[in-house]
Number of protein chains: 2
Amino acid sequence: MPAAAPGIEDVRHAAARLAGIAHRTPVVRSRTLDELLGGRLALKAEGLQRVGAFKFRGAYNAVATLTESGPVTGVCAASSGNHAQALALSARLCATRATILMPHDAPAAKRAATKGYGAEVIGFDRYSADRQALQAQLAAERGLQIVHPYDDVRVIAGAGTAALELLEEAGELDLLVVPVGGGGLISGCAIVIAALSPATRVVGVEPQASDDVARSKASGRRERVAVGPTIADGQQLATPGELTWPIIDALVDEVVTVSDEEIVAAMRLLFERCKLVAEPSGASALAALLAGRIPAVDLRVGVLLSGANIDAERFAQLVS
Amino acid sequence: MPAAAPGIEDVRHAAARLAGIAHRTPVVRSRTLDELLGGRLALKAEGLQRVGAFKFRGAYNAVATLTESGPVTGVCAASSGNHAQALALSARLCATRATILMPHDAPAAKRAATKGYGAEVIGFDRYSADRQALQAQLAAERGLQIVHPYDDVRVIAGAGTAALELLEEAGELDLLVVPVGGGGLISGCAIVIAALSPATRVVGVEPQASDDVARSKASGRRERVAVGPTIADGQQLATPGELTWPIIDALVDEVVTVSDEEIVAAMRLLFERCKLVAEPSGASALAALLAGRIPAVDLRVGVLLSGANIDAERFAQLVS
């Protein structure tokens with residue numbers, strides 16, 4: 001394990017920070033799913049987390065860690081996704097300020113939601129700007145702390161609390177299936193599993209259009225891919241994280257991929273049978289099980305449903 | 001109160017029967033809703049109940065009451081809605097058999113779901129058959145016990161357990177808003193409120209196209225209306241129940257109506273902000289609040305979300 005990786009104690013500290021602030025999301029069972037897959041499933045419904053995604057866990061842990069150690073001018077990140085809202089709300093709860101760099105062409109709803117949590121949103125041009133340089137400059141000029149969406153030990157430790165809760169509630173698991181984008185969620189979960197339930201297999205799921213982590217697992221080194229179009233916008237990354245990759249390399253057993261059609265089928269089934277809303281990335285782990293990519297027969301299977309931020313029209317388009 | 005009405009003790013007995021068998025459904029809070037309405041809302045998410053609707057509570061209480069007192073040949077009902085599935089599952093759990101009379105033109109999915117819970121489904125012609133006579137004949141020939149979807153004290157007492165749980169979890173309420181179809185749910189809830197929280201106002205909500213209970217409340221006697229088309233198929237009834245009407249007359253403060261458009265707006269908001277699936281009838285109580293039919297400013301408001309049985313395509317049609 002890389003020296004920089006968080007340990008189980010970091011996840012436990014994160015859990016203590018999140019207690020009473022993050023939701024302890026429900027673990028949902030479904031006889032229909034169990035019959036379809038031949039195993040016993042436990043779905044961790046992180047779509048019911050604050051801001052509608054697991055991202056709140058990591059962002060809050062990072063901001064609370066910062067503000068515990070003294071006054072903080074503010075935090076910043078470049079994100080147009082769930083991390084932006086998670087960081088904005090976390091900053092508000094910790095009585096500090098978030099500044100979010102968001103591409104000019106980000107959806108108006110995302111911008112409004114992020115501002116709604118009290119953050120300042122600064123636009124940039126997705127094609128011409130170097131967002132890393134822009135972020136570094138902003139942080140330096142204003143004295144802000146950067147909270148990266150996944151390459152941050154505090155963010156990874158926070159994400160791991162989802163697996164901690166799932167183990168506490170569901171009991172022993174043979175298999176844990178987790179969506180993979182930048183790898184923060186699966187890294188945190190894998191650290192928990194390695195410490196508390198080492199016999200449990202950890203399998204990651206990526207969209208076919210963005211299979212950088214699957215390819216990296218196959219070759220044994222960080223691969224970079226050309227990201228194609230996919231509905232799973234939370235998982236459109238070209239290469240594994242610098243910090244998350246060594247953790248995934250060491251602790252994740254396998255990474256498989258799913259198609260957009262398979263994701264939509266999982267979203268539909270979650271809606272109709274479990275009465276759960278899932279955004280495409282949020283349904284990808286279940287999609288891999290339903291598509292037969294990961295055998296579940298006679299297994300106790302934990303599944304991370306990572307988020308539910310999708311508007312009704314978009315859901316309607318996808319399932320029609 | 002009519003002598004035939006169940007009392008709070010009947011609801012408590014129902015709660016004891018349902019313990020460990022029905023789900024204790026979550027009470028969902030939403031800052032967005034609170035800000036929109038100016039009150040503090042507590043949503044009882046009965047869409048997450050077994051069979052996807054509150055109907056399981058009443059059906060199970062009825063069947064368990066029967067089977068506790070001795071051997072039962074079986075139970076029957078005429079229903080193409082959630083009561084059919086609720087009775088089918090309840091019969092299976094109580095080791096007896098359900099026979100469901102369902103119109104030939106009922107959706108194939110409803111028939112399949114009911115059969116999937118182990119019930120026998122007998123078709124009849126919706127236009128030519130007298131369903132009451134058919135049901136009485138079937139019950140007599142086969143020695144079956146009829147479990148009416150709402151005009152049954154055991155069903156009403158079972159439905160009341162939803163309000164009991166809501167009061168236990170949400171604490172004091174100024175207002176409780178409940179969808180009204182046949183009136184079983186609101187009757188059970190009103191009995192609980194009258195006994196445990198008499199200062200709480202109880203308001204029912206009907207679709208405009210089927211406003212029999214609102215009209216009956218206005219005139220003070222059971223009115224019959226011509227039911228028009230509405231998306232709220234769980235609430236398309238022409239007249240209040242024989243047993244539920246006197247309870248509603250005595251214990252419900254007001255009944256208001258909502259349009260289909262208002263129901264869709266509530267379904268959309270539940271999906272996007274609360275990540276909850278609701279069928280049209282299930283969203284009607286919240287719709288009345290959002291439409292301003294029932295003031296909520298500065299009030300602690302309980303809202304019954306009664307069911308979530310809607311397929312993804314139908315939801316897509318409605319919100320598009």
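Residue numbers begin at 1 in each chain, while the letters A, B, ... track the order of the sequences.
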- Note on the structure: By residue number, those in residues 29-47 of chain B with heavy atoms under 4.5 Å from heavy atoms of chain A are B/Arg31, B/Gly47
- Query: Checking heavy atoms, do the side chain of B/Leu318, its backbone, both or neither come under 4.5 Å from chain A?
  - Reply: neither
- Item | Aromatic plane relationship, B/Phe271 with A/Phe315 - under 30° parallel, 30 to 60° tilted, over 60° perpendicular | tilted
- Query: Counting only heavy atoms not in B/Asp105, do more than 12 sit closer than 6.0 Å to its CG atom?
  - Reply: yes
- Task: Please state whether the side chain, the backbone, both or neither of A/Leu269 comes within less than 4.5 Å of a heavy atom of chain B.
- Result: neither
- Message: Is B/Arg50 close to chain A through its backbone or its side chain, or both, or neither, when contacts mean heavy atoms under 4.5 Å?
- Response: side chain
- Heavy-atom pair of closest approach, residues A/Ala59 and A/Ser90: C-OG, 3.5 Å
- Query: Can a donor-acceptor pair be found between the side chains of B/Thr230 and B/Gln235 at a distance below 3.5 Å?
  - Reply: no
- Strictly by modelled atom types, are B/Gln85 and B/Asn309 linked by a side-chain donor-acceptor pair under 3.5 Å? no
- Check against side-chain contact (heavy atoms from CB on, under 4.5 Å), B/Leu304 and B/Phe54: CA-CA 9 Å; B/Leu304 257 294; B/Phe54 79 95; 5.6 Å; no
- Taking it one step at a time, do A/Lys275 and A/Val28 satisfy side-chain contact (heavy atoms from CB on, under 4.5 Å)? CA-CA 10 Å; A/Lys275 319 301 180 189; A/Val28 176; over 6 Å; no
